[in-house]
2 protein chains.
Amino acid sequence: MSTTSTGSRGPYARSTERRRSIARAVLDTVLEEGHERVTTAGTARRAGTSEATALYHYPTKEHLLVAALELSDEETALRPFTSDPAMGLDDLRAFVDTTAERTHIMRLHTALLGRATSPDHPAQEFLSRHNREAVAHFARVVRHRQRAGTAHPGLDAVGVARQFLATWDGLQAQWLLDPSFDFGDHLVQAFRRLTGQNWMEGRAVLLDPSVGM
Amino acid sequence: MSTTSTGSRGPYARSTERRRSIARAVLDTVLEEGHERVTTAGTARRAGTSEATALYHYPTKEHLLVAALELSDEETALRPFTSDPAMGLDDLRAFVDTTAERTHIMRLHTALLGRATSPDHPAQEFLSRHNREAVAHFARVVRHRQRAGTAHPGLDAVGVARQFLATWDGLQAQWLLDPSFDFGDHLVQAFRRLTGQNWMEGRAVLLDPSVGM
DNA sequence: CTCAAAACTGAGTGAGGATGAGTTTTCGCA
DNA sequence: TGCGAAAACTCATCCTCACTCAGTTTTGAG
């Protein structure tokens, strides 16, 4: 945190650029062939450097994969999330449909989630942060809806949000394992159930198959 | 399916025994040191065979891990599940607390779930079956509760069950990533919310923090 | 007893992630 | 503007492991 006492000068100018091109190379391979086909050597070749350089910037293969996921998020994912608490279920639908096309990214995410449970896995920090932010966002959404009367007022927004995201991850894994159901449907459905959207609408609506099923 | 036309004689007597002792060896290593420390060589040594033999019975390291998970399930997990549709939330609690002690098994499960999304991963079949059975079980539980009046009668039991299991997997992953919340609490909570347990109890109960939080 | 299939083995192979000891480049500072 | 220390980069090499191959031994049905 100081510029004086440590002899550290921090990264040079071209460093960020390099890191970016390496991350790019990984992400491209992931998108084209899936994360399991990423190799350190291949990445380096694709990025136009040596393997050792890639590993200089990202000390481990897992770091490379995390970097790819981060880059992917940065480019597409977060837009509709970070901002709008007035998000409707249509927006959620739209977003899910977007990502569902990019199966390889979903697979990478799920895979990293599976590995990050090991003690000092490089994905831990990223995934925790990612989850924290998502929880915060959806908590805001829930509160917004509580005010608007489309979510049950007695719910703990954060608790519901966390649970919703857990469901998201779980459903995603199950869908990747066996895509025999509509991911978007189930997710929107999950959101409805968790927010008790129908708390005021009475039994008739709850018996409606299009909602209750 | 025939004993005549194919020249196959099927496995010999000692084969099952061998397979079992190999699976045992893997499971023990998992329990003691975690799945990431399983190696084919180490497993063979522990099981008292050669590495090549282990790989004769289980063609791949991943097969070994699946075998370990299967064995673990067989020994403990399924008991309270397969049978009792009258399962109460206490039973669920108890079961979760049991498994939570065995973090390494949870980690193996989550890790395999993460990897099984690759095309022909050996864990696919096992996990699909596992999930199918669990869904069936919890669907039964939900229906039982609907009859008993402790679950909302308008719900699609199978849909709810699937969603609950997704939540389970997701929460488990999140908890392994960062065990800063009580897994059992959240899970029981999730079950309550999903089954609309309070559908008849009115708003007062829903506002109760011990339920709604 | 026979013989084919199953079970087992030892010795290897190769992919691929990492490392270490250097050389070259950058850039704050005098 | 050039010095020097840190950062960036490279080459060769290492090493761990999953997996394979070319056999040998064991099993058990007929």
Side-chain angles (χ1 to χ4, degrees), chain A residues 2-23 25-26 29-30 33-68 111-112 115 118 120-123, chain B residues 2-23 25-26 29-30 33-68 111-112 115 118 120-123:
Chain A
S2 71
T3 2
T4 40
S5 57
T6 59
S8 169
R9 286 211 269 162
Y12 289 173
R14 292 188 56 200
S15 181
T16 32
E17 190 183 343
R18 253 286 129 79
R19 291 175 59 88
R20 227 189 156 65
S21 79
I22 293 169
V26 180
T29 322
V30 168
E33 317 180 49
H35 66 90
E36 45 273 296
R37 310 209 53 173
V38 171
T39 69
T40 51
T43 301
R45 209 178 315 121
R46 187 156 196 163
T49 1
S50 74
E51 195 177 357
T53 297
L55 288 165
Y56 170 76
H57 289 286
Y58 297 98
T60 257
K61 190 201 174 181
E62 297 295 278
H63 285 89
L64 286 173
L65 292 173
V66 175
L112 284 180
R115 296 190 212 157
S118 302
D120 298 294
H121 194 280
Chain B
S2 68
T3 1
T4 40
S5 57
T6 60
S8 168
R9 286 212 270 162
Y12 290 172
R14 292 189 57 198
S15 180
T16 32
E17 188 183 343
R18 254 284 130 81
R19 290 174 60 89
R20 227 190 155 64
S21 78
I22 293 169
V26 180
T29 319
V30 168
E33 318 180 50
H35 66 90
E36 44 273 296
R37 310 208 56 172
V38 170
T39 68
T40 50
T43 301
R45 209 177 314 120
R46 188 155 195 165
T49 1
S50 74
E51 194 178 357
T53 297
L55 287 164
Y56 171 76
H57 289 286
Y58 296 99
T60 258
K61 189 198 176 183
E62 296 294 279
H63 286 87
L64 286 173
L65 292 173
V66 174
L112 284 180
R115 296 190 211 156
S118 302
D120 297 294
H121 194 280

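Sequence lines set the chain letters: A, B, ... in the order given, protein chains first and strands last, and positions in each chain run from 1.
- B:Ser8 has a side-chain polar atom (N or O) that falls below the 4.0 Å cut-off from OP1 or OP2 of C:dA6.
- Distance CD (A:Glu51) to P (D:dC14): 15 Å, rounded to an integer number of Å.
- Distance OG1/B:Thr29 to CD/B:Glu36: 12.0 Å, rounded to 0.5 Å.
- Mapped onto DNA chain D by nearest heavy atom, B:Thr60 and A:Pro11 fall at different nucleotides, with A:Pro11 at the one closer to the 5' end.
- The OG1 atom of A:Thr60 lies 11.5 Å from the CG atom of A:Asp120; values are rounded to the nearest 0.5 Å.
- Distances from the side chain of B:Thr53 to the nucleotides C:dA6, C:dC8, D:dC11 place C:dC8 closest.
- Looking at which nucleotide of DNA chain D each of B:Thr39 and B:Arg14 is closest to, the 5′-most match is held by B:Thr39.
- Rounded to whole Å, the distance from NZ on A:Lys61 to C1' on D:dT16 is 15 Å.
- Side-chain to base pairing of A:Arg9 with C:dC27: one donor and one acceptor N or O lie within less than 3.5 Å of each other.
- When the C1' atom of C:dG16 is taken as reference, atom CZ of A:Arg37 falls 14 Å away, rounded to whole Å.
- Remark: B:Lys61 NZ to B:Thr40 OG1 distance equals 7.5 Å, nearest 0.5 Å.
- At whole-Å resolution of the value, CD in A:Glu36 and C1' in D:dA18 are 17 Å apart.
- Note: CZ (A:Arg45) to C1' (C:dA15) measures 13 Å, nearest angstrom.
- Side-chain N or O atoms of B:Arg115 include none that pairs as donor or acceptor with a backbone N or O of B:His121 at under 3.5 Å.
- For the pairing with A:Thr43, the side-chain contact (heavy atoms from CB on, under 4.5 Å) check across A:Ile22, A:Leu55, A:Leu65, A:Thr49 returns one residue only, A:Ile22.
- OP1 or OP2 of C:dC8 sits under 4.0 Å from a side-chain N or O of B:His57.
- Rounded to whole Å, atom C1' of D:dA8 lies 13 Å from atom CD of A:Glu17.
- Close to C:dA7, at under 4.0 Å from its OP1 or OP2, lies a side-chain N or O of B:Tyr56.
- Regarding B:Leu65, its CG atom lies at a distance of 9 Å from the P atom of D:dA18, rounded to whole Å.
- The side chain of A:Arg18 contributes no N or O atom lying less than 4.0 Å from OP1 or OP2 of D:dA8.
- Comparing B:Ala52 and B:Ser15, the nucleotide of DNA chain C nearest to each residue sits closer to the 5' end for B:Ser15.
- Side-chain N/O atoms of A:Ser50 include one lying less than 4.0 angstrom from OP1 or OP2 on D:dT10.
- Counting to the nearest Å, the P atom of D:dT20 and the CG atom of B:Leu55 are 8 Å from each other.
- The shortest distance between the side-chain N/O atoms of B:Thr40 and the OP1/OP2 oxygens of D:dC17 is not below 4.0 Å.
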